[in-house]
Amino acid sequence: EPTVIVATPDLEAPWKIERIDGVEVLRVKTQQTKDVGLIRRALAECWLPFAMLRGLRRSPLAEVQWQGVIWYSPTIFFGPMVRAIKRRCGCRGYLILRDLFPDWAVDAGVMRKGLAYRFFKWVERYQYASADVIGVQTPANIPLVEKDSQRDGARIEVLNNWLSIPDRATTSVDLSVGLLAGRTIFVYTGNMGAAQGMDCLIDLAAAFQGDDQVGFLFVGRGSEVARLKARVDSQVLSNVVFIDEVDSGEVPAILDQCHIGMIALDPRHTTHNIPGKLLSYLRAGLPVLARINDGNDLENLINEEDVGRVVVGDTSDRLFEHATELASDSALRDQMRGRCVALAERDFSSASVVRQILAGLRDQDDVSSISE
């Protein structure tokens, strides 16, 4: 019987309990951490675990004895809350680690290795030391986390991203009208921030400006959205549409109207991940066009499974060549469609992730012994 504890900045009361799809959800009032300045965000995230603990302790769930605690990073600041729950309940903790902050921020040029970096590294290591098992996205991240993990006996393992089979989705977004009507559509969904290096995709759209058969759709939010929109406006690109963040339930219906899914990771990264948007694309049967950093395991995944095309590093000409191939060859896209769906079902199901996390919470290495 899981309980999900959620930070909710716009909550009026200190806490609120809901049931969503049969799951108990405790909302606790916190400070705003999104769409604010960097300094304000850093202060709010530092306070986040203490605000959530305060809300939990004021709620009717204050004395509930949980058998395990699972938390997701980013953010890196949940360590104090996790330790408090583990200490009270005498349980184990599983960290689902989806990016390596602050190192990716240094790679992307957002941060220097100064005082702030050293502080965030201390917070990161405190979080690692709070975990019994750490699930990273790719094998390449295991040695990076081992280097920073200071807790003897904490197991570090690959935990794939996951995506459940969506219910039949609907959306108010209709791409059969407007700028993208009748075009082969490249779509990008999710965060648009410094870690992504999104300019390569705007450059790609500019390269296709003279082709009225190809269009580009960007769906989501992030620190770079305003600047990217300004670039599109200044270059008078008539083949690009931005849509603000939508409910996740609408995304499958939007992807059903598109043809190729795009991924961008800043080539300066030395850390690695398998973006969650990849799973959305695979589940929708969309071939993938990816620009990634050197050494990322995503390159082998895309090439070995033949579910798209990938470019390593900052090579815009090669990216354009791959995009042209995918846009012009509908037969190739149809061949890839089945492989995309099969890969999503085989390697990125939520059922397999549940078994693996439960094994970690029970201190069992034999994942196959855990019943679905």
Side-chain angles (χ1 to χ4, degrees), residues 35 108-110 171-246 250-269 275 277-278 280-281 284 286-293 302 308-330 332-333:
D35 299 326
V110 177
T171 180
S172 59
V173 176
D174 184 359
L175 302 180
S176 66
V177 297
L179 285 178
L180 303 183
R183 299 183 184 232
T184 299
I185 300 174
F186 289 81
V187 60
Y188 178 96
T189 61
N191 187 57
M192 290 177 257
Q196 284 70 43
M198 296 287 295
D199 284 283
C200 68
L201 301 184
I202 302 301
D203 292 340
L204 182 63
F208 277 98
Q209 171 71 343
D211 188 342
D212 61 6
Q213 298 301 306
V214 177
F216 293 80
L217 175 66
F218 296 89
V219 183
R221 64 189 293 173
S223 60
E224 293 288 280
V225 170
R227 186 183 66 81
L228 295 172
K229 285 182 177 180
R231 274 203 63 191
V232 169
D233 291 342
S234 67
Q235 295 179 248
V236 198
L237 300 183
S238 59
N239 59 350
V240 176
V241 170
F242 281 88
I243 297 176
D244 291 337
E245 184 180 38
V246 299
E250 292 188 52
V251 172
I254 294 175
L255 296 181
D256 283 345
Q257 304 175 66
C258 302
H259 303 87
I260 300 109
M262 296 186 293
I263 291 173
L265 294 171
D266 194 302
R268 294 172 292 180
H269 281 312
K277 62 180 63 65
L278 170 69
S280 298
Y281 300 154
L286 298 188
V288 178
L289 177 68
R291 195 288 300 272
I292 63 175
N293 53 310
I302 293 174
R309 297 289 182 262
V310 59
V311 170
V312 176
D314 200 6
T315 52
S316 56
D317 291 344
R318 188 66 172 158
L319 189 66
F320 178 74
E321 290 174 8
H322 285 326
T324 300
E325 178 190 21
L326 291 173
S328 61
D329 195 338
S330 60
L332 175 64
R333 297 199 305 270

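Every heavy atom of this structure was used, including side-chain atoms; hydrogens, water molecules and symmetry mates were not.
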Output yes when a side-chain donor or acceptor of Arg333 lies under 3.5 Å from a complementary backbone atom of Ala327, and no otherwise.
-> yes
Taking Asn239 for its side chain and Ala205 for its backbone only, find out whether a donor-acceptor pair lies under 3.5 Å.
-> yes
To the nearest 0.5 Å, what is the distance between CG (Leu201) and CG (Leu228)?
-> 9.0 Å
Backbone of Glu321 reached by a side-chain donor or acceptor of Glu325 within 3.5 Å | no
Here the pair of heavy atoms bringing Thr189 nearest to Lys277 is O-CE, 2.6 Å
With sequence neighbours excluded, tell me which residues meet ring pair (Phe, Tyr, Trp, His ring centres under 6.0 Å) with Phe218.
-> Phe242
N/O donor-acceptor pair under 3.5 Å between Gln213 side chain and Ser328 backbone | no
Could you tell me which residues satisfy side chain to side chain donor-acceptor pair (under 3.5 Å) with Thr184, sequence neighbours excluded, listed by chain and number?
-> none
Distance-minimising heavy-atom pair for Val219 and Asp244 = CG1-O, 4.1 Å
Polar side-chain atom of Arg183 near backbone of Leu179 as donor-acceptor pair, under 3.5 Å = yes
Shortest non-hydrogen pair, Met198 vs Gly193, comes out as CG-O, 4.5 Å
Measure across Cys200 and Ala264 and return the closest heavy-atom pair with its distance rounded to 0.1 Å.
-> SG-CB, 4.1 Å
Above 12 or not: heavy atoms from other molecules or residues under 6.0 Å from CZ of Arg318?
-> no
Can you see which heavy atom on Tyr281 is nearest to which on Gly261, and at what distance?
-> CE1-C, 3.6 Å
Is any side-chain heavy atom of Phe208 less than 4.5 Å from a side-chain heavy atom of Thr324?
-> yes
Would you check if Asp203 and Arg231 make a side-chain contact, meaning some heavy-atom pair closer than 4.5 Å?
-> yes
Hey, are the side chains of Leu217 and Ile254 touching, using non-hydrogen atoms and a 4.5 Å cut-off?
-> yes
Decide side chain to side chain contact (heavy atoms under 4.5 Å, CB included) for Gln209 and Val236; before the verdict, give the C-alpha distance in whole Å, the side-chain angles of both, and the deciding distance to 0.1 Å.
-> CA-CA 9 Å; Gln209 171 71 343; Val236 198; 5.5 Å; no
Exercise: identify the closest heavy-atom pair between Gln235 and Ala206 | NE2-CB, 3.7 Å
Quick check: does any side chain N or O of Glu250 sit under 3.5 Å from a backbone N or O of Val173, one acting as donor and the other as acceptor?
-> no
Report the distance from atom CG of Leu289 to atom CG of Leu319, rounding to the nearest 0.5 Å.
-> 5.0 Å
So, do Tyr188 and Phe216 have ring centers that fall under 6.0 Å from each other?
-> no
When rounded to the nearest 0.5 angstrom, what is the spacing between CD1 in Ile202 and CG in Leu237?
-> 7.0 Å
Look only at the side chain of Arg291 and the backbone of Val312, and say whether a donor-acceptor pair between them is shorter than 3.5 Å.
-> no
Worked verdict on Val246 versus Thr171 for side chain to side chain contact (heavy atoms under 4.5 Å, CB included) | CA-CA 9 Å; Val246 299; Thr171 180; 5.8 Å; no
